[in-house]
Amino acid sequence: MDFESSVEKLDKYFKRLSKGKAQKIKPSHVEKVIRKLAKKEDILRAEIEDAKKETKIERLERKLDLLHEQQTRARWLLKEISEQ
């Protein structure tokens, strides 16, 4: 699952949550997305370390910021569905 797929999956879960169908979201599925995002973070950090061009570093850092936002969303979602 690439980064875009993880974001799409989170968006689907948030739509379910807003429609009151949170019971259909399994915590294990959200945990899987969190693990995949963590792997992608490791990859991005390694790419940033290896990058030579400043423009590439900036692009990768923007991706990393977006990834952190998605990780925050996923952790919040997991907390929400775990409390129900």
Side-chain angles (χ1 to χ4, degrees):
M1 183 184 303
D2 61 353
F3 181 61
E4 290 83 16
S5 297
S6 297
V7 173
E8 289 174 10
K9 187 70 109 171
L10 277 176
D11 289 342
K12 287 180 185 179
Y13 290 155
F14 272 90
K15 285 180 187 175
R16 285 184 190 167
L17 185 65
S18 68
K19 291 180 181 180
K21 297 181 180 180
Q23 71 277 7
K24 291 187 175 185
I25 305 170
K26 295 182 180 179
S28 61
H29 293 172
V30 179
E31 290 167 351
K32 182 178 179 181
V33 171
I34 291 170
R35 284 192 304 273
K36 293 199 177 272
L37 289 171
K39 285 181 186 177
K40 182 63 178 177
E41 180 180 10
D42 293 340
I43 292 167
L44 280 174
R45 288 190 185 280
E47 287 181 19
I48 290 170
E49 287 181 22
D50 293 341
K52 304 291 185 231
K53 291 183 176 179
E54 188 62 34
T55 55
K56 183 172 184 176
I57 293 171
E58 289 172 2
R59 182 178 55 82
L60 292 171
E61 287 176 344
R62 285 193 306 270
K63 274 188 170 183
L64 190 60
D65 290 341
L66 179 59
L67 186 133
H68 287 150
E69 290 174 21
Q70 297 306 315
Q71 287 175 321
T72 301
R73 288 180 70 213
R75 286 190 296 268
W76 181 87
L77 178 62
L78 182 61
K79 182 181 173 191
E80 283 296 306
I81 62 173
S82 297
E83 291 175 354
Q84 294 181 357

Checklist line | Where at least one partner belongs to residues 17-27, residue pairs that pass salt bridge (Lys or Arg N to Asp or Glu O under 4.0 Å), sequence neighbours excluded | finding: none

Notebook entry, point to check: Can you name the residues that form a side-chain contact (heavy atoms from CB on, under 4.5 Å) with Glu61, not counting sequence neighbours?
Noted result: Ile48, Ile57

Notebook entry, point to check: What residues form a side-chain contact (heavy atoms from CB on, under 4.5 Å) with Glu58, not counting sequence neighbours?
Noted result: Glu54, Arg62

Next item on the list: State, to 0.1 Å, how close Tyr13 and Ile25 come at their nearest heavy-atom pair, and which atoms those are.
Entry: O-CD1, 3.3 Å

Check: Considering residues at least two apart in sequence or located in another chain, which fulfil the side-chain contact (heavy atoms from CB on, under 4.5 Å) criterion with Glu83?
Finding: Lys79, Glu80

Next item on the list: Sorted by first residue and then second, give each ring-ring contact (aromatic ring centres under 6.0 Å, His included) pair with at least one member in residues 32-64; sequence neighbours left out.
Entry: none

Item checked: Under the side-chain contact (heavy atoms from CB on, under 4.5 Å) test, residues paired with Ala22 that sit two or more places apart -> Leu17, Ile81, Gln84

Note to self: Using the rule given for side chain to side chain contact (heavy atoms under 4.5 Å, CB included), can you reason through Leu44 versus Phe3, listing the C-alpha separation, both sets of side-chain angles and the distance that settles it, and then say yes or no?
What the structure shows: CA-CA 11 Å; Leu44 280 174; Phe3 181 61; over 6 Å; no

Notebook entry, point to check: Residues in side-chain hydrogen bond (donor to acceptor under 3.5 Å, both in side chains) with Glu41, at least two apart?
Noted result: Arg45, His68, Gln71

Item checked: ring-ring contact (aromatic ring centres under 6.0 Å, His included) pairs, two or more places apart, involving residues 25-52 -> none

Next item on the list: Examine Ile43 and Leu64 and state if one hydrophobic cluster contains both, with Ile, Leu, Val, Met, Phe, Trp and Tyr joined whenever side-chain heavy atoms are less than 4.5 Å apart.
Entry: no

Next item on the list: Would you mind telling me which of Val7, Val33, Ile34 makes a side chain to side chain contact (heavy atoms under 4.5 Å, CB included) with Gln70?
Entry: Val7

Next item on the list: Step by step, work out the side chain to side chain contact (heavy atoms under 4.5 Å, CB included) result for Asp50 and Glu47.
Entry: CA-CA 5 Å; Asp50 293 341; Glu47 287 181 19; 5.8 Å; no

Next item on the list: Could you pull out the closest heavy-atom pair between Ser6 and Leu37, with the gap in Å?
Entry: CB-CD2, 3.8 Å

Checklist line | Carboxylate-amine/guanidinium proximity below 4.0 Å for Asp11 and Arg16 | finding: no

Margin query: Just so I know, are the side chains of Leu78 and Arg75 near enough to count as touching, which here means a heavy-atom distance under 4.5 Å?
Written below: no

